[in-house]
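All of these numbers come straight from a predicted model, not from anything done at the bench. Order of the sequence lines sets the chain letters (A, B, ...), proteins ahead of strands, with each chain counted from 1.
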Amino acid sequence: MALTGFLGWILSVIYKSFFLTGDEGFRRAHVLAKATFILSIILLVLKNPAKSYLLALFIIPIGLIYPGLEWVVAVTTLTALVGFAMGASAYLLSLTGLYHMTPLELLLIMARSIGLGTGLVFMFIIISPIELFNLLYLLGLRSVAVVPLLLAKTTPLGVRSFLDSLMVGSLKHEAFTKRIPPAVASLIEVGRFIDEYCYWKLRIPVKKMIAINRSYNYTLILLIISLLLAILQAKLWF
Amino acid sequence: MTRVLLEVEISRCGYPEGFELRNVSFTLREGELLVVTGHSGSGKTTLVRAITGTIEVFGGFIEGKVIVEGRDLNSLRPGDIYEAMGYIPQEPWYALVGHTVYAEICHALSLREVSCVDTDFNLLGVSSIRERLTYTLSAGETQRVLWLETLLLSPRILILDEPLVYLDEEARRIIKHYVKVALGRGMGIILVDHDPHEWRSLEPRLLILDKGRVKYHGEWRDDALPSQIPIKASHGEAKGVVVKFKNTWFKYPGGDYILKGFNAEFHKGVLTLLTGPNGSGKTTVLKIGAGVLKPTKGVVERSGSVIYIPENPLLYFTMPTPREELLMASRGDENKALDVAELFNLKYILDTPLAKLSSGERRRLAIASAYLMNSDCYFIDEATGGLDDESAASVLNALQLLVEKGKAVVIASHDPRIPHIADRIINLSREG
């Protein structure tokens, strides 16, 4: 029961971190602003990996603007868990005597994991599946252009079905291990239903791009943050 | 004389070593409505798969022909089929590809080389949910999105599988109106419904299936339809409170509050019906009551064991066949399991894999399995959704037995067969 509850909680944190919102907020920023922002993050991480914890300081405030507090809490929890796991494994390794680790170094490992994790999740949520759809269309891959839309729909749907199945299992007083096969079977069944009901829809190449209603405000915010990241990098460099 | 849109002449279709449907022939003309009805497991879904050209894809076979606007279905390209035929299935949420309503509609239009820039999302009130994530829509909202797609794409043939099952009264009225509009536009409609009476005013032809055979095909005849089975309304004696909601608030991640200060008590020996418009929070109340969801604010007190059966019964099962599922629920007592199989009319499918059961059979099995759990409170989502009268009667009669045994039963449903047997009705509003 406790394990089921823990897994259910983790899944709901993942759901909130990645699938909380649709094509609103920063997803409506101009694609060039997003590219600039993502490039700034990549450069910071590559050039100054030790300072990647700084990412969280930039991303959490803009995350509060959109998707909002619920997302910030979820992503902070998720990345803190990952950070804790990284820190704990590094600490355990240090117990072997191969190298020495101070508590400060341990905290830095955790902070870097949180910064990097927050950056990666934010990059994921600002890319619109419609942009990927349009990109595949432009690349001539029109038969598979639907895949980003479909994944953006089926993944959270699957997570929700899996969660429901887990919780029903706990009501039936089942052992956690006993519930996994039917929970997975229900996911396969969901996939089978979608394949059947959308059979022709999924097998026709798309013939038009999908227009995106851009937002100047979100574009401007991303450009300002990219500029701040560039200034920070310049300071770190010299 | 109106044009023939579809000609079906099937001598056999079905699944190897499984269900078979035999000798089905009919034509469908412009502006014509054909209502297909029959008991759960009579072959309605198999027929739909044969007509939509998907039966072979899912391991089935077909002997005979399906002619779409003068051309053999097998000779058509996917694009031709998509242009000629629209399909709104019983589980509408699986018929959406896009992650948002906007992406869904625009993708559907892009397949027909239509840009969605000037699309009128106001039709059917879809503009208010344009940016919503499709996996957060209620069944009624999902139906509206699929109907908008259908009206925009205007296929000549439309197949609707149990279109009213998950809809409230208002949404049912709207869907009936749009069926009428579509017929007026010259669409030919095949409509599968366990309750054909809903469509009588549109003067449909009837195709009644029974155990894989055509029982009747022709003009509407009341005497051809199965007689309605009475469902006894025995009222239990209200005892102690088993689940109590105290000032309960709830919101889904990223959404607005769906419940605002909800208060309710569910008593042992009482059958409660939760009703209200689509999206008013009926399923949410069931999930919170059972402990599947935790309230955002407020308290839910439970003084007994609870069980929850979701709208999709597959999420309930643990074992791969009905026999194993019932045996597990009865803690290995075979006699008890077989008695319940008899009660819920499941004996004929005891060793059939769950994947091969019809949606009605799955629903009956889930309730039968829960029945054996002997919980104090049963939260059941759409207990009779898509069930014919006979199956619905066996389910509802069994639920009444639970009530008589002093259990609390809470059903969320739009089924008009339930209110008269409910001891208590809670009507939720969209305002929470």
Between [atom1] on residue [X] and [atom2] on residue [Y], distance to nearest 0.5 Å:
X	Y	atom1	atom2	value
B/Met328	A/Glu174	CE	CD	5.0 Å
B/Ser110	A/Arg142	OG	CZ	10.5 Å
B/Leu96	A/Thr154	CG	OG1	12.0 Å
B/Thr136	A/Arg160	OG1	CZ	6.5 Å
B/Leu133	A/Glu24	CG	CD	8.0 Å
B/Thr54	A/Tyr199	OG1	OH	8.5 Å

Mind listing the closest non-hydrogen atom pair of [X] and [Y] along with its distance?
X	Y	result
B/Gly291	A/Met167	O-CE, 3.9 Å
B/Val97	A/Cys198	CG2-SG, 3.7 Å
A/Ile130	B/His99	CG1-CE1, 4.0 Å
B/Tyr316	A/Arg179	O-NH2, 3.2 Å
A/Leu20	B/Gly254	CD1-N, 3.2 Å
B/His107	A/Phe133	CD2-CE1, 3.7 Å

Over-ring placement of A/Lys172 relative to B/Phe317, 6.0 Å and 45° cut-offs: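 Because its charged atom misses either the 6.0 Å distance or the 45° angle limit, A/Lys172 does not stack over B/Phe317.
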
Quick one: what part of [X] sits under 4.5 Å from any heavy atom of chain A, side chain, backbone, both or neither?
X	value
B/Val57	side chain
B/Ser115	both
B/Thr100	side chain
B/Lys294	neither
B/Ser375	neither
B/Arg132	neither
B/Pro310	side chain
B/Val114	backbone
B/Glu325	side chain
B/Leu109	neither
B/Leu111	both

Does A/Glu189 pair with B/Arg362 as a salt bridge, N-O distance under 4.0 Å? yes

Between the side chains of A/Lys201 and B/Glu149, is the shortest nitrogen-to-carboxylate-oxygen separation below 4.0 Å, so that they form an ion pair?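 Here B/Glu149 pairs with A/Lys201 in a salt bridge, since their nearest N and O are under 4.0 Å apart.
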
Among [options], who wins on heavy-atom pairs under 4.5 Å with chain B?
options	result
A/Glu70, A/Arg192, A/Glu196, A/Met209	A/Glu196
A/Asp23, A/Leu157, A/Thr21	A/Asp23
A/Ile188, A/Leu166, A/Leu163, A/Asp164	A/Asp164

Heavy-atom donor-acceptor pair, A/Trp200 side chain to B/Gly53 backbone, under 3.5 Å: no

Check whether [X] gets within reach of chain B through its side chain, its backbone, both or neither, counting any heavy atom under 4.5 Å.
X	result
A/Arg28	neither
A/Pro205	backbone
A/Phe162	neither
A/Tyr137	neither

Going by the angle between their ring planes, with limits at 30° and 60°, are B/Tyr87 and A/Tyr197 parallel, tilted or perpendicular? perpendicular

Please rank B/Arg49, B/Met319, B/Glu104 by heavy-atom pairs under 4.5 Å with chain A and give me the top one.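 Among the listed options, the one with the most contacts to chain A is B/Arg49.
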
